[in-house]
Amino acid sequence: MRWTQTFIPTMKETPEGAEIPSHVLMLRAGLINQVMAGAYTYLPLGLRSLRKAERIVREEMDAAGAVELAMPAMSPQHLWEQTGRVAAFGDVLVQTTLRRKDRKVSVVFGPTHEEIVTTLALHHISSYRQLPVILYQITQKFRNEERPRFGVLRTSEFLMKDAYSFNASLESLNASYEAMYAAYCRIFERCGLTYLAVEAESGPIGGDASHEFMAPADNGEDTVLHCPACGYAANQEKAEIGARDFVPPKIPLHELRKVDTPGASTIEQVSNFLKCKPEDLIKTLIYVADGRPIAVLLRGQHEANEGKIRRAVGAGSVELAPPEVIEKVTGAPVGFAGPVGMKEKIPLWADRDVQKIINGVTGANAAEAHLTGVNLGRDFTPDHFADLRNALDGDPCPRCSSTLRLRHAIEIGHVFKLGTKYTDALGAKFLDANEKLLPIIMGCYGIGVNRILAALIETSHDENGILWPMTLAPYEVVVIPVKVPDEKLMAAAVKLHDELAAQGVEVLLDDRDHRAGVKFKDADLIGVPLRIVVGDRGLKEGKLEAKWRWEKDSKLIDLAAAAETIADQIRQERLDNARFRGRGKC
RNA sequence: CGGGGUGUGGCGCAGUCUGGCUAGCGCGUCUGGUUUGGGACCAGAAAGUCGCCGGUUCAAAUCCGGCCACCCCGACCA
């Protein structure tokens with residue numbers, strides 16, 4: 001392809017509003033163009049990379065035994081009502097009404113396709129002999145994100161690979177899950193991404209029923225905890241905290257005192273007012289668990305983890321209590337709850353770290369007042385201790401004796417054992433070998449294809465532009481004739497281009513009549529892995545100059561065998577991204 | 001949905017507080033010339049309803065009111 005024939009609108013300056021590297025570079029390199037908040041046109045270069053990611057996903061899905069189909073973006077709203085997901089998605093669901101003569105049809109633009117694929121199973125799967133089967137598609141999904149942001153990372157329309165397994169037994173589900181998990185590892189590997197498979201909230205099945213594939217990146221919206229020593233990794237919702245050994249220091253216990261704290265109700269206000277540290281405060285949160293109030297005690301600097309609370313309490317639902325419940329239970333306005341002298345006797349659940357607080361500070365269950373010198377055992381005794389808070393950087397690993405590291409990450413994939421949620425709701429059953437009618441067991445497996453590109457750029461760029469791995473690069477080689485008006489030089493460049501193309505190499509010929517510097521800058525910006533410079537200096541000696549985007553120095557190659565040499569190197573790099581992976585280490 | 005910010009040729013910005021000549025600058029684009037290995041130089045040119053609507057005024061990019069769009073932080077995220 002000649003540069004002058006295609007459409008690559010690069011920009012020297014960063015458009016207003018783009019902040020994170022992937023967004024800035026995708027715009028500057030002419031990969032995408034914004035249409036509105038959360039909607040982008042993929043320009044020729046961006047589309048080429050997107051298609052490459054898509055192709056890798058497709059190849060690995062096929063290799064893992066999944067079969068491709070294509071479901072429509074539009075589906076009838078009643079399907080989504082049957083599964084309760086019109087309410088569950090709320091405003092995120094894109095809905096519209098179609099007029100068809102005198103009728104009106106309510107339709108949903110699919111944010112995902114469980115309802116549709118399960119209905120398909122309902123129609124066509126009735127016997128265990130048809131199972132297992134894994135169906136997948138790679139299609140546009142629609143979600144009305146309340147706040148689209150970070151360029152292509154969070155948009156209202158995006159390309160997603162969604163796969164669904166239909167299984168007759170849990171063992172079969174586990175096998176499908178393992179197959180998808182392994183395929184995901186190969187996909188992200190081939191895309192040149194560094195990733196973690198982290199444990200995530202597992203829903204109805206429990207156990208190891210859900211993993212998120214995360215690309216660690218400073219600008220990621222998700223938070224994961226990772227133990228470099230043993231490899232334990234989980235998202236912050238799920239991450240357990242290991243044993244916290246604690247020897248109580250031998251310091252004298254203060255007397256319990258009630259002090260006025262006018263206007264101070266938050267942790268920050270109270271610790272400022274009383275000149276103590278947040279970790280000395282016993283944060284007391286009133287939750288309603290399955291309709292009953294409970295108190296959750298945490299150290300001041302910690303955040304409650306509602307999932308952990310729900311599991312510890314064994315409740316179906318847990319939410320922060322409304323003000324009137326808090327006032328009724330504590331006898332005080334919101335902000336002054338404490339475990340000592342609460343008006344009503346409700347279960348006290350304490351996070352394990354509360355045991356470390358000596359001479360603590362807590363709400364007095366009275367307006368504008370706190371207690372100081374509060375001590376566990378003497379002044380209050382929790383009914384239960386449990387792990388109730390979000391894990392933090394430096395917390396003990398739950399699997400080994402090391403400590404957890406907190407990292408931000410971009411979620412690029414998710415595998416999930418769904419169970420029978422949708423087959424129950426829609427009545428998709430099969431007859432097993434014993435002639436018993438059972439709901440089909442499902443798994444679902446998603447990959448955000450656009451996010452593969454964003455995550456790659458986010459973690460693979462330098463001050464000049466993108467560093468693509470060969471497997472995702474929009475073009476594999478860029479040939480730059482240094483002087484376009486020089487006919488001999490140009491002829492050599494065209495010949496190389498044609499020979500490379502004939503060998504199946506994706507080659508871009510920068511035939512623009514610009515100064516060399518301009519073309520070098522653009523080549524770096526769009527990140528083509530291999531750059532071949534055709535210049536008069538080298539040409540005199542029958543040489544071309546080859547430079548890998550991520551390496552510092554260029555090498556001379558013989559003009560005579562150039563196409564062969566380059567094609568061989570490209571083919572090798574396509575296989576394993578080995579040079580790319582070694583970037584920066586030479 | 002709460003808080004903050006921005007809107008001026010294709011892109012990045014100045015001008016707005018303190019109303020007043022023909023609305024500037026850099027990049028890009030076009031023409032001619034000189035150049036040609038890391039975003040060249042000279043000369044010239046095209047390109048703007050100053051986000052939209054209304055108001056105040058002799059006069060509005062500038063002041064007032066309303067609306068819209070975009071961005072950032074937070075909340076939310078099957």
Side-chain angles (χ1 to χ4, degrees), chain A residues 9-20 23-24 27-28 30 33-40 80 83-94 108 110-115 141-151 153-156 158 160 162 200-204 210 212 219-223 235-237 303 306 319-320 411 414 416 418-419 421-422 425 442 444 446 448 463-465 480-486 489-490 493 510 512-526 531-540 543-545 547 552 554 556:
Chain A
T10 59
M11 281 181 277
K12 207 191 281 194
E13 283 172 296
T14 300
E16 188 200 16
E19 305 224 327
I20 67 169
H23 191 195
V24 168
L27 289 166
R28 284 194 53 213
N33 180 256
Q34 183 170 2
V35 175
M36 64 174 185
Y40 292 85
W80 299 79
T83 56
R85 291 221 288 180
V86 172
F89 272 110
D91 289 340
V92 172
L93 202 62
V94 179
V108 162
T112 169
H113 278 164
E114 280 84 357
E115 279 79 356
K141 300 292 184 286
F142 300 85
R143 293 182 195 184
N144 178 35
E145 295 291 349
E146 287 176 23
R147 190 183 154 207
R149 58 179 143 180
F150 298 142
L153 274 181
R154 183 161 286 262
T155 52
S156 46
F158 53 96
M160 178 173 161
D162 47 327
E201 282 297 322
S202 50
S210 173
E212 288 169 345
N219 290 306
E221 290 185 278
D222 291 278
T223 305
N235 67 20
Q236 195 169 42
E237 266 187 313
E303 274 176 20
E306 291 188 9
E319 53 190 11
L320 271 175
E411 185 186 349
H414 195 170
F416 193 87
L418 258 184
K421 178 176 173 186
Y422 296 97
M442 287 176 68
C444 72
E463 64 281 5
N464 293 314
I480 300 183
V482 143
K483 287 177 193 149
V484 168
D486 181 329
L489 200 151
M490 192 61 192
D510 192 347
R512 294 175 299 170
D513 187 9
H514 283 324
R515 297 168 70 88
V518 174
K519 302 209 258 190
F520 292 157
K521 286 287 183 189
D522 269 349
D524 284 350
L525 179 59
I526 68 175
R531 185 187 80 188
I532 307 294
V533 177
V534 184
D536 36 13
R537 294 180 200 164
L539 219 50
K540 271 182 219 154
K543 301 277 185 190
L544 295 175
E545 186 183 301
K547 181 182 172 298
K552 197 167 180 297
S554 58
L556 292 178

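All values below come from the heavy atoms of this structure, side chains included, with hydrogens, waters and symmetry mates left out. Residue numbering restarts at 1 for every chain, and letters A, B, ... go by the order of the sequence lines. Keep in mind the model is a prediction, meaning the values are calculated, not measured.
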Asks: Suppose you measure atom C1' in B:G54 against the same atom in B:C11; what distance do you get, rounded to whole Å?
Replies: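 Rounded to whole Å, the distance is 32 Å.
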
Asks: First and last nucleotide of RNA chain B touching chain A, 5' to 3', heavy-atom cut-off 4.0 Å?
Replies: B:U6 to B:A78

Asks: Answer yes or no: are there more than 12 heavy-atom neighbours, outside A:Asp513 itself, under 6.0 Å from its atom CG?
Replies: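 Buried by this count: over 12 neighbours within 6.0 Å.
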
Asks: Check whether NZ of the Lys or CZ of the Arg A:Arg143 lies under 6.0 Å from the centre of the six-membered ring of A:Phe158 and within 45 degrees of that ring's axis.
Replies: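 The answer is no; the distance or angle limit is not met.
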
Asks: Do the charged groups of A:Glu114 and A:Arg85 touch, with an N to O distance under 4.0 Å?
Replies: yes

Asks: Sticking with atom P, work out how far B:C42 lies from B:G28, rounded to a whole angstrom.
Replies: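 Taking atom P in both B:C42 and B:G28, they lie 12 Å apart.
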
Asks: Does the side chain of A:Arg149 come within less than 4.5 Å of A:Leu153's, by heavy atoms?
Replies: no

Asks: Mapping A:Glu146 and A:Thr10 to their closest nucleotides on RNA chain B, which lands nearer the 5' end?
Replies: A:Thr10

Asks: What distance separates A:Glu411 CD from A:Asn235 CG, expressed to the nearest 0.5 Å?
Replies: 8.5 Å

Asks: With rounding to the closest Å, how many angstrom separate the P atoms on B:U29 and B:C72?
Replies: 29 Å

Asks: Under 4.0 Å between any heavy atoms, over every strand shown, what does A:Asp524 touch: base, sugar-phosphate, or nothing? Just pick one.
Replies: base

Asks: For A:Val518, answer base if it contacts any base atom (sugar-phosphate contacts may also be present), sugar-phosphate if it contacts only those atoms, and nothing otherwise; contact means non-hydrogen atoms under 4.0 Å.
Replies: base

Asks: What does A:Ala37 touch in the nucleic acid at a heavy-atom separation under 4.0 angstrom: a base, only the sugar-phosphate, or nothing?
Replies: sugar-phosphate

Asks: Can you find a pair of side-chain heavy atoms, one from A:Val482 and one from A:Arg537, that are under 4.5 Å apart?
Replies: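 They are not in contact (no side-chain heavy atoms under 4.5 Å apart), so the answer is no.
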
Asks: Take atom CD in A:Glu221; do more than 12 heavy atoms of anything else shown fall under 6.0 Å from it?
Replies: yes

Asks: When the C1' atoms of B:U62 and B:G74 are considered, how many whole Å apart are they?
Replies: 33 Å

Asks: Please report the distance separating the P of B:G24 from the corresponding atom of B:G15, rounded so that it comes out in whole Å.
Replies: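 Per the computed distance, 16 Å lies between those P atoms.
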
Asks: What integer number of Å spans the C1' atoms of B:A47 and B:G10?
Replies: 9 Å

Asks: Measuring only the C1' atom in each nucleotide, how far is B:A59 from B:U22? A whole number of Å is fine.
Replies: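 Roughly 16 Å separates the two C1' atoms.
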
Asks: Distance between the C1' atoms of B:U49 and B:G2, in whole angstroms?
Replies: 35 Å

